[in-house]
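All values below come from the heavy atoms of this structure, side chains included, with hydrogens, waters and symmetry mates left out.
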Amino acid sequence: MNRTRVLRACSAAATVLTLLALTGCQDEPRPASDAPRRPSAATPPAPGPPANSSPATAPPPSAASASSPMAGNGRRSLVDARVAGGLHKLTGEGALRDVPVDPGEMRDGMTLVAGHYRAPGEQGPPVLFEGVDGVPEDTAVRREHLFRGALEHIRRDPEPGQPTAEPVDPGPSGGSVECLLASLGEDGDVVCGWADEGTAAVAVFHGSTPAAAGKLFVRMRADLQRHG
């Protein structure tokens, strides 16, 4: 009888130990903060760059910006040349004493160049030259102003009307060159003028023709003007 009770007690104790061992092997409950998170449908992960993507590169400069005609200092200027087109600037008694042609408004940075020129050995009336550089407005407009002043200087009779200026080949300097005959005949007083990038000028030739005066004026311009 006693042996049976002992066996039963031992069997119950073994059962309890087995249950305790199994309970100890189970994982402890995971805290809520350690639970794995799933991506929310409202905030999908940002897509990565495509496999064939390449860094953006700036477009090459256009032909207009790479070779602009105004790149650098393209302005022109006048010089007080001693010799212009083979004519010598007069000094002393024949020198120009004032400014006979109104040059228009002279602003900061502008230069006025004027003088009497004559071929060596000649005794006739000299060629009057007058020009301005650094012109901020349209130089063709400034040339028209100089044309009117030159016609007033030679006291041309306005009764026959305003003479028409004819274009002349400007030569290698480009721009625009025009000459007009201020007399009623085929020759007489001729006024020539040029207009280009920043400069405008006129010259008065006595006893000439537009064709002859135009050629001489273009040669004078090559000595009276500098580029850049």
Candidate pair Lys89 and Asp80, rule salt bridge (Lys or Arg N to Asp or Glu O under 4.0 Å), full reasoning | CA-CA 9 Å; Lys89 186 175 183 180; Asp80 190 12; 2.3 Å; yes

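- Side-chain atoms of Arg143 and Ser176 include a donor-acceptor pair closer than 3.5 Å.
- Proximity of a side-chain donor or acceptor of His116 to a complementary backbone N or O of Gly94 within less than 3.5 Å is detected.
- Note: Arg226 CZ to Arg76 CZ = 12.5 Å, rounded to the nearest 0.5 Å.
- His88 has its side chain out of reach of Arg82: every pair of non-hydrogen atoms, C-beta onward, lies at least 4.5 Å apart.
- Two residues are said to be in side-chain contact when any heavy atoms from C-beta on lie closer than 4.5 Å; Cys192 and Phe205 meet this criterion.
- Although no hydrogens or angles enter the test, the distance criterion places a donor-acceptor pair under 3.5 Å between the side chain of Arg142 and the main chain of Glu105.
- Remark: the backbone N or O of Asp133 is not paired with any side-chain donor or acceptor of Thr111 at under 3.5 angstrom.
- Summarising the geometry, atom NE2 belonging to His145 is positioned 3.5 Å from atom CG belonging to Asp102; distances are rounded to the nearest 0.5 Å.
- With rounding to the nearest 0.5 angstrom, the OG atom of Ser183 is 10.0 Å from the NE2 atom of His206.
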Derivation and outcome, side-chain contact (heavy atoms from CB on, under 4.5 Å), residues Glu130 and Leu96 | CA-CA 11 Å; Glu130 187 172 323; Leu96 186 65; 5.7 Å; no

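- The two residues Ala213 and Ser208 have their closest heavy-atom pair at N-OG, 3.5 Å.
- We find the CG-OH distance between Asp223 and Tyr117 to be 8.5 Å, quoted to the nearest 0.5 Å.
- The line from CG of Leu128 to CG of Asp189 is 11.0 Å long, rounded to the nearest 0.5 Å.
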